[in-house]
Amino acid sequence: MALRAVVVGGGIGGVAAAVALARAGIDVEVHEQARQLTEVGAGVSLAPNGLRILDRLGVGDGIRRLGSRYAASQLRLPDGQVVRHEPYQFAMAGQNVGIHRADLLALLAAELPPGTVRTGHRCTGFRQDDASDGASDKGSATVSFADGTTATADVVIGADGIHSVLQGFVVAPAEPVFSGVVAYRGLVPRLAEYPDGAIRMWMGEGRHFLIFPVRAGELLNYVGFVQTDTAVRESWSASGDPAALAAHFAGWDPLIGRVIAAISGPGGSGFQWGMYDRVPLPRWSDGRLTLLGDAAHPMLPHLGQGVNQALEDAVALATLLAASPGADGVPRALTAYEELRRDRTARVQLGSRRQGAGWDSSGSQLVDRRWIYDYDVWAEAVALTR
Ligand code: FAD
């Protein structure tokens, strides 16, 4: 009989995991708290390590259609002066892709067997028993939801984001860590004066500004990162004030001013996002429960890896579970998953903190990303199954 998996959380991580699990022959359900699958109105940058996986999950053509492959990648000082850097110290022209988050989620969701996603299901509890504790003939794990319903499976995957409820069933509850940075982010329509296909980052003391194209170049994604003394909510519903953003970047390259001016125009959008992460967790799994994506390793976005690492998790987990000899092998497969993923994601979490500080000091420390981009998680996971 096929293994049964329940994924809690229908963000990019949870849906990607469900696609990978279904392709590996595992029966999977996704339970999402929202009334429908939705994503933030913003872009995400896909790196070679993530794009490799998206090809494997069957959405490579969609990414090529809806994404924007970067034709040029530039670092600049506030006045627009170009900063020389190696390609692997930022996004790689020709190899990294910007995409609207909603487009990526929709592409992945379209790969799921019909009926996989159950919306309006907010997870509130978890319990498990195992044959080894004598409590039942066969181990299973059960998730309960706010509406009183439950879902039982051989394995439960907590893909429920940085405020994960399921994380509290693996490690002692702890608050996310505020980085002291707020991001003003959103989308504006393509600007005639912004070069096609370019990703650009301007770096100054205590702030930096990023622009890249999404939706086949029709939209520009922008993020203005600004240091702040007050803790800001980590929420995409808090609207970002374009006047405050303009004041933070007054006197910088006029191109930034034009992007900020477009936020209030037709098709422009903006919101504020407090930047939080966590220190690497000491463990991700307990018995038949494991964590994935931001639930396991929330990171600052300064290496552009949150989604890319969630995609790696998805493929690693599906590969190791598929090789498991039936339901009894699930806890061992989860241990192998965690051992494969924990050190690498911890390095990316800590590297993201370091790179954030580097951007805010005019790029004095640029992280070499080759070890991130060159990694093939599928090959690593398959090697463990032999
Ligand atoms: P989430 O997207 O948080 O999804 C969690 C899902 O679980 C949500 O749908 C939520 O509704 C649901 N949920 C939560 N609790 C429950 C519950 N109790 N029951 C049921 N459902 C629940 N990453 C990149 O790779 N590249 C980038 O360029 C990049 N840029 C970024 C820029 C910024 C400013 C920020 C803030 C982040 C950026 N990231 C980037 C990181 C990336 O956004 C996250 O790492 C990624 O979205 C995490 O996906 P996830 O599915 O694990 O979690």
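The shown structure was predicted, so the numbers you read here are calculated from the model rather than taken from an experiment. Whatever order the structure lists them in is the order used to number ligands and atoms, beginning at 1.
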Nearest-contact summary for atom 28 (O) of ligand 1 - protein heavy atom, Å: S45 N, 2.9 Å
Residue and atom name of the nearest protein heavy atom (relative to atom 50 (P) of ligand 1), distance in Å to one decimal: G13 N, 3.9 Å
Shortest protein contact, atom 14 (C) of ligand 1 (heavy atom only): D160 O, 3.3 Å
Residue-ligand contact M299/ligand 1, heavy atom below 4.0 Å: no
G13 versus A310, closest heavy-atom pair with distance: CA-CB, 3.9 Å
Heteroatom proximity flag, F212 to ligand 1, N/O under 3.5 Å: no
Ligand-side contact atoms (ligand 1) for residue partner G161, heavy atom cut-off under 4.0 Å: 3 (O), 5 (C), 53 (O)
For F169 against V165, the heavy-atom pair lying closest together: CD1-O, 3.5 Å
Nearest protein heavy atom with distance in Å, relative to atom 12 (C) of ligand 1: E32 OE1, 3.2 Å
Per-atom contacts, ligand 1 versus G293 - under 4.0 Å to a heavy atom: 52 (O)
Test item: side-chain donor near acceptor, N49 and Q305, under 3.5 Å: yes
Atom pair CZ/CD1 of R65 and I99 - distance to nearest 0.5 Å: 9.0 Å
Pair R64 + D55, salt bridge at N-O below 4.0 Å: yes
Least distance between heavy atoms, A5 atom then I26 atom: CB-CG2, 3.9 Å
Intermediate values then yes/no, side-chain hydrogen bond (donor to acceptor under 3.5 Å, both in side chains), T142 and T152: CA-CA 4 Å; T142 300; T152 296; 2.8 Å; yes
Test of proximity, G43 against ligand 1: N or O pairs below 3.5 Å: no
Sidechain N-carboxylate O distance under 4.0 Å for E338, R283: no
W284 and H297 aromatic ring geometry - parallel, tilted or perpendicular at 30°/60° bounds: tilted
Closest protein heavy atom (residue, atom, distance) for atom 41 (C) of ligand 1: G306 CA, 3.8 Å
Atoms in ligand 1 with a heavy atom of V8 nearer than 4.0 Å: 19 (N), 20 (C)
Heavy-atom gap A310 to ligand 1 smaller than 4.0 Å: no
R122 atom CZ, neighbour heavy-atom count above 12 within 6.0 Å: no
N or O contact, V307 vs ligand 1, cut-off under 3.5 Å: yes
Atom 27 (C) of ligand 1 [closest protein heavy-atom partner, distance rounded to 0.1 Å]: V44 CG2, 3.4 Å
Part of Q305 within contact of ligand 1 (heavy atoms, under 4.0 Å): backbone
Quiz: residues 372-386 side-chain donor-acceptor pairs under 3.5 angstrom, not counting sequence neighbours:
unit_1, atom_1, unit_2, atom_2, d
Y373, OH, F90, O, 3.0
Y373, OH, R369, NH1, 3.1
D376, OD1, W378, N, 3.1
D376, OD1, A379, N, 3.3
T385, OG1, V382, O, 2.6

Minimum heavy-atom distance between G80 and D253, given as atom pair plus value: CA-OD2, 3.5 Å
Nearest heavy atoms of M275 and P301, plus distance in Å: CE-CD, 2.8 Å
Within reach of ligand 1, part of W273 (heavy-atom separation under 4.0 Å): side chain
H31: numbered ligand 1 atoms lying under 4.0 Å from its heavy atoms: 20 (C), 21 (N)
Closest protein heavy atom to atom 19 (N) of ligand 1, given as residue, atom name and distance to 0.1 Å: C123 N, 2.8 Å
For G217 against S68, the heavy-atom pair lying closest together: N-OG, 2.9 Å
Per-atom contacts of ligand 1 with A159, taking only distances under 4.0 Å to non-hydrogen atoms: 5 (C), 6 (C), 7 (O)
Polar atom proximity, D294 to ligand 1 (N or O, under 3.5 Å): yes
Under 4.0 Å to a heavy atom of I12 - the qualifying atoms of ligand 1, by number: 51 (O)
Atom 21 (N) of ligand 1 - nearest protein heavy atom and its distance: Q33 N, 3.1 Å
Any pair counted as salt bridge (Lys or Arg N to Asp or Glu O under 4.0 Å), so long as it reaches residues 269-280, sequence neighbours left out: D277-R353
V165 neighbourhood, listing ligand 1 atoms whose heavy-atom distance to it stays under 4.0 Å: 18 (N)
Ligand 1 atoms in contact with H121 (distance to a heavy atom under 4.0 Å): 19 (N), 20 (C)
Nitrogen or oxygen atoms of F225 and ligand 1 under 3.5 Å apart: no
